[in-house]
Amino acid sequence: MKNRCYCKILDNIEIAPSIHKIEMERVDGLGNIKPGQFLHIKCSDALLLRRPISISYAEKDKVGIVVRKAGEGTVSLCNRKKGEILDVLGPLGNGFTVNDGKRVIVIGGGIGTAPLLELVKNLEEKDVTVLVGYKDMPYLVDDFKKYVKVVDVATEDGSVGYKGYVTDLLKAKLENDGADIIYSCGPEVMLKKVQKIAKEYKVKVQLSIEERMACGVGACLVCTCKVKSEDGVKQVRTCKDGPVFWGDEVMLGE
Amino acid sequence: MKNRCYCKILDNIEIAPSIHKIEMERVDGLGNIKPGQFLHIKCSDALLLRRPISISYAEKDKVGIVVRKAGEGTVSLCNRKKGEILDVLGPLGNGFTVNDGKRVIVIGGGIGTAPLLELVKNLEEKDVTVLVGYKDMPYLVDDFKKYVKVVDVATEDGSVGYKGYVTDLLKAKLENDGADIIYSCGPEVMLKKVQKIAKEYKVKVQLSIEERMACGVGACLVCTCKVKSEDGVKQVRTCKDGPVFWGDEVMLGE
Amino acid sequence: MSVDLNGLVLNNPVTVASGTFGFGREYGEYIDLNKIGAIAVKGLTLEERQGNPTPRVVETPMGMLNSVGLQNPGVDYFIKEELPYLSSYDTKIIANINGNTIYEYCKLAEKLSNTAVDALELNISCPNVKEGGVAFGRDPDMVYKVTKKVKENTDKYLIVKLSPNVADIKEIGASAESGGANCLSLINTLIGMGIDIEKQKPILARGIGGLSGPAVKPVAVRMVYEVSKAVNIPIIGMGGIMNYQDAVEFFLAGAWTVAVGTANFVNPMVSIEILEGIEEYLKRKGYSSIKALVGQLKF
Amino acid sequence: MSVDLNGLVLNNPVTVASGTFGFGREYGEYIDLNKIGAIAVKGLTLEERQGNPTPRVVETPMGMLNSVGLQNPGVDYFIKEELPYLSSYDTKIIANINGNTIYEYCKLAEKLSNTAVDALELNISCPNVKEGGVAFGRDPDMVYKVTKKVKENTDKYLIVKLSPNVADIKEIGASAESGGANCLSLINTLIGMGIDIEKQKPILARGIGGLSGPAVKPVAVRMVYEVSKAVNIPIIGMGGIMNYQDAVEFFLAGAWTVAVGTANFVNPMVSIEILEGIEEYLKRKGYSSIKALVGQLKF
Ligand SMILES: Cc1cc2nc3c(=O)[nH]c(=O)nc-3n(C[C@H](O)[C@H](O)[C@H](O)COP(=O)(O)OP(=O)(O)OC[C@H]3O[C@@H](n4cnc5c(N)ncnc54)[C@H](O)[C@@H]3O)c2cc1C
Ligand SMILES: Cc1cc2nc3c(=O)[nH]c(=O)nc-3n(C[C@H](O)[C@H](O)[C@H](O)COP(=O)(O)OP(=O)(O)OC[C@H]3O[C@@H](n4cnc5c(N)ncnc54)[C@H](O)[C@@H]3O)c2cc1C
Ligand SMILES: Cc1cc2nc3c(=O)[nH]c(=O)nc-3n(C[C@H](O)[C@H](O)[C@H](O)COP(=O)(O)O)c2cc1C
Ligand SMILES: Cc1cc2nc3c(=O)[nH]c(=O)nc-3n(C[C@H](O)[C@H](O)[C@H](O)COP(=O)(O)O)c2cc1C
Ligand code: FES
Ligand code: FES
């Protein structure tokens, strides 16, 4: 039977303004972890619901998450201290499908870069390009560099790397080299562009999307999104059937 | 203008099972403190209302409280750590009247002994007897001994001092030596006995009582109790007009 | 710790609330469903429903608003694809049914009558559908009528689920009783709204939603107490139950059984923990059965 | 940031709710009362009232139940002993009045007509009195009648305070408007109950009480939104406002002014902090007046 887990916080550091990397014990209850899966975390006693946070990396005895202070829940989470115990449910969700194709592009925007770290760790045999975009201050770039040679950075203000959107880099890469598959996570506007570009270049793409959640396990139906399939449009649950969907199926923001 | 104060916790130690002594910074905003006054403390973000906790002792640059884990609020308070900041309102309430009579008996039961410490500190010129009663494990006894010679302890199980109720000691003391005034704080059953005994021996008595509170400052009227006066029974606010009342006036549990 | 709701016998008095437990599969991975008194399944309609657009949830102070809007695969699919799974467990199955008209309610009852479901729960109180729903739940005559008609169309044990968005819930409960309800369940959600002040629009795509969770518990306990004084049929109490202490409040107020809703989202194991807590409480207080506790409020 | 409620002009749109601010004296030690838009005083009755026995308060998840039961020194005492103090401040004074009969409401209005109070607030919704109170607030005809009668007996600006314990608050609001109300205030408290499971009795001596605080905010915002669509008079919005963000939700939903209640108990300075927050929000969003924000919900 699955269970909720109590994981001790091993470390909590601010890696960029308002961005924390939190490392916790990997207790046995967590079981296997696939890249793209998330934890559903009770951030504070003062908040009723859990918050979905992607697993950024998993090692033998620890699990790392990267959290952006977005509101009350994530602020509380970022304020939790080393030694405190986190109440987590998971790993939840489907995760990325990693066995498709050789030439891979991994493209992330902002906090959406977090889950891609565990993904690239699982793409060792492949020919991987990582494209990451940020508003201003990049983070996790060095972590990506541990696993892949090509990590191209874009910032909107041009402070680091290419000045502009990371999707421009995607377009250029596809134009020059092509790819077999694209994996992406980031804000909805970015995912929509990635989806469109992938279609244009006829490359398969997996998108990890976000939706407000309550249960996180597929029971409450508050997190649905729409996917197109042969028998028409179907509603699926982001938490259980996702958060990763094929780009030619998922209907973003509809 | 009065204000709420943010006081850093300087120390928090468990002085008996489920009883914590918490010392905090005495910030300027707290102003003057009279014995018997209380602080209205925000114990946790997860709870809406503050909790009234007596000032147990006040020194030049620190204030001490003694808290019994009674429920969610006091448990949270006892779990607060050194270095954390407490949001407090106060000092609130009237406090004890300390200028009456020479031969003084101070009698407390359980956590009701806490505010009596600051009281005895302010009775230096007097002839003071302290009587304190507990279920089993006494606490604060050594603190009282710093200020008064006679500190008689009663425990219900007889593990320390007299076996039985502290009100038995009061009766004996009055029988043998009499007194000019009694000050008391403790559970309602005890206060009722003290009130009765004081009446029997015709000794003035001040009782510090407890009532559930919301505002703590006299505005909401949830904490009323009844006092008899010449013009009949009047309703007064425990938080503002009390928590200390004269024994011949206050109507306990009515 | 079995409890007999005048004809519907549950293994124990902890059930799960409709819409918070899907069709059981998801939480079946976390707990042994045999240990739950009954499972009220997600609200069913005659046809498949897509429900409302997202966002469908807002967190509020110690509560949540949902506007799922009765998304469900339709009653036929339920009977064919979900019921067999549920029936494999030793727990009672409550089919929560939702119509826009009395005819639809009757049709739903008919379809479920020869199936393995143990009881029907007439949801006349869902705030998330545009027609029918709420209007039914607010008008005592309509409540009487729909209850009576459905009762005529089924042999199943009939529970009527009451809306808290009324002036006098006693009156509504009494109407359902007169109409032939075997049992009442309450409360459904209070209607609420949450606004995003930066975007200056409601957070829920549909604007309003149903408030559940600890925030509503005081209202729910009061309503269960009121209704229990006004009717002679069993009550399933719910609204903000997070732990055994909350559950005991409902029993004391007059509920024969409790249902756990929103709490499942926070802790998938909570219903079992609540059951264990109740067992200990009964032992500690010297009660030989849950029934002995029901309505024992000294007041 | 003054706001004109069609005749009643407040220095700013942050007021304090009746029963949570006494007669101003206590919080006058913490804040400059001149900085508050208006003060609604503790509910007044013709005669002095002792209110309910204690305990009168229960904390609930992000809320509280109170059963003060309109303890007050009576309207004559108020006029003589409290009003002069309040009048010394540059803020509007709202007298919250409570009767058991229409006659009593009229009598109260009469007594207050030639005094320094700026407005009357007809509380037809207090859940803590046995007669009158709630019954008035639930019946549209009664609401119309009492409003009309009181209006005939006074020249004062008349606010009618609505109860949330109704099925359709739009209807009640509209009745008050037809009766001649200049303004509506909402919500009063939801009726709730809390039980001590060890003693097996209600925590409040009176059993039930009024729920206020953040827990009720989603319900309050929804009701303000609904009523604002149904009437053409100003609305004073309240229910769980703890910070400026909450206040802005109410403005967007259609409140012309907000009232802060339970939050005062947590933070005596909160009304001023909320006012400052609103000022910054207006600046940040480019509004030149609070009025420009009212009802601007995009939905
Ligand atoms: C599958 C998944 C994985 C995620 N992984 C990460 C991650 O690795 N790191 C990270 O920092 N964030 C991640 N997020 C986003 C994160 O869940 C939200 O930022 C967080 O829920 C906001 O909560 P809050 O209380 O801080 O903010 P508030 O804005 O106060 O939240 C209010 C409510 O809105 C919901 N909400 C707000 N923003 C989002 C959002 N973007 N997605 C879903 N719900 C939202 C919250 O859950 C909450 O119920 C992920 C979201 C999903 C769905
Ligand atoms: C003037 C005054 C001085 C006090 N001084 C101290 C002190 O120095 N040390 C100490 O440990 N305790 C003191 N108490 C009691 C303390 O306030 C309660 O134990 C505390 O409020 C319980 O809150 P809780 O959340 O832990 O318990 P819960 O039982 O969960 O509280 C639930 C509610 O009941 C109220 N409540 C419960 N018990 C009491 C009580 N005895 N008095 C008032 N309200 C109560 C709480 O405020 C809260 O609103 C004092 C009380 C008063 C009125
Ligand atoms: C996400 C969600 C969906 C719900 N769907 C239904 C439903 O389909 N039918 C129904 O009768 N009640 C539904 N409810 C109401 C619950 O069954 C229950 O009455 C309510 O949530 C109060 O209990 P709680 O506070 O424990 O959640 C739903 C509640 C939630 C939170
Ligand atoms: C302790 C207390 C006493 C109250 N007394 C009154 C009253 O006398 N008259 C009245 O109209 N409302 C009274 N109310 C209701 C408030 O004015 C307000 O409508 C309600 O509390 C909701 O706002 P809040 O959640 O900000 O407190 C009282 C509320 C509380 C908490
Ligand atoms: S969050 Fe409950 S189904 Fe996805
Ligand atoms: S607690 Fe509000 S008047 Fe005493």
Side-chain angles (χ1 to χ4, degrees), chain B residues 1-6 29 31 40-52 70-74 76 87-93 188 209-227 231-242 251-254, chain D residues 16-17 19-33 39 41-43 48-73 196 203-205 209 212-215 240 242 261-270 272-273:
Chain B
M1 288 261 156
K2 290 185 187 172
N3 212 316
R4 65 172 158 175
C5 299
Y6 297 99
H40 212 25
I41 305 181
K42 190 86 166 94
C43 298
S44 119
D45 288 346
L47 293 168
L48 181 62
L49 299 176
R50 293 169 181 271
R51 297 289 185 268
E72 231 183 308
T74 45
S76 294
D87 170 358
V88 309
L89 220 59
L92 302 174
E188 195 175 270
I209 71 166
E210 289 185 359
E211 200 43 84
R212 283 173 177 252
M213 295 182 180
C215 72
V217 302
C220 73
L221 306 184
V222 305
C223 68
T224 48
C225 65
K226 292 188 173 137
V227 298
D231 13 305
V233 174
K234 233 178 44 182
Q235 284 198 114
V236 295
R237 299 158 300 181
T238 303
C239 67
K240 182 87 177 180
D241 307 309
M251 296 161 74
L252 294 175
E254 285 174 70
Chain D
V16 289
T20 68
F21 214 76
F23 298 114
R25 291 185 195 271
E26 294 78 16
Y27 288 115
E29 297 182 23
Y30 288 87
I31 55 174
D32 178 358
L33 299 183
I39 296 174
V41 303
K42 175 65 197 163
E48 179 182 355
R49 275 182 74 122
Q50 299 293 319
N52 294 319
T54 55
R56 292 179 173 182
V57 65
V58 189
E59 178 155 352
T60 69
M62 281 298 131
M64 63 174 270
L65 293 166
N66 89 80
S67 69
V68 171
L70 289 175
Q71 177 185 331
N72 81 94
D196 181 329
I203 301 175
L204 297 174
S212 64
M242 299 299 285
T262 302
N264 292 303
F265 306 158
V266 183
N267 173 9
M269 275 71 63
V270 73
I272 308 294
E273 291 171 15

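What's counted below: heavy atoms across the whole structure, side chains too, no hydrogens, waters or symmetry copies.
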* Answer yes when D:E59 and B:R51 have at least one side-chain N-carboxylate O distance shorter than 4.0 Å, and no when they do not. =>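 A salt bridge links D:E59 with B:R51.
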Pick one of side chain, backbone, both or neither for [X], based on which atoms fall under 4.5 Å of a heavy atom in chain B.
| X | result |
| --- | --- |
| D:P268 | side chain |
| D:Y30 | both |
| D:T262 | side chain |
| D:I31 | backbone |

* Structure fact -> With chain B, the option among D:G51, D:G22, D:G24 that has the most non-hydrogen atom pairs under 4.5 Å is D:G22
* **Most chain B-contacting option - heavy-atom pairs closer than 4.5 Å, from D:Q50, D:K42, D:R25** =>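 Heavy-atom pairs under 4.5 Å are most numerous for D:Q50.
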Chain D heavy atoms under 4.5 Å from [X]: which part of the residue, side chain, backbone, both or neither?
| X | value |
| --- | --- |
| B:L89 | side chain |
| B:K240 | side chain |
| B:L92 | side chain |

* **Value rounded to 0.5 Å, distance of CG in B:L49 from CE in D:M62** =>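 The distance works out to 9.0 Å.
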* Atom CD of B:Q235: over 12 foreign heavy atoms under 6.0 Å ->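 Counting neighbours around CD of B:Q235, more than 12 heavy atoms of other residues, nucleotides or ligands fall under 6.0 Å, so yes.
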* Give a yes or no answer on whether the side chain of D:R49 reaches the backbone of D:N72 with a donor-acceptor pair at less than 3.5 Å. => no
* **Heavy-atom donor-acceptor pair, B:S76 side chain to B:C43 backbone, under 3.5 Å** => no
* Asked: So, for B:C220 and D:V68, which heavy atoms are closest and what is the spacing to 0.1 Å?
  ->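 It is O-CG2, 3.4 Å.
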* **Donor on one side chain, acceptor on other, B:R212 and D:T54, under 3.5 Å** => no
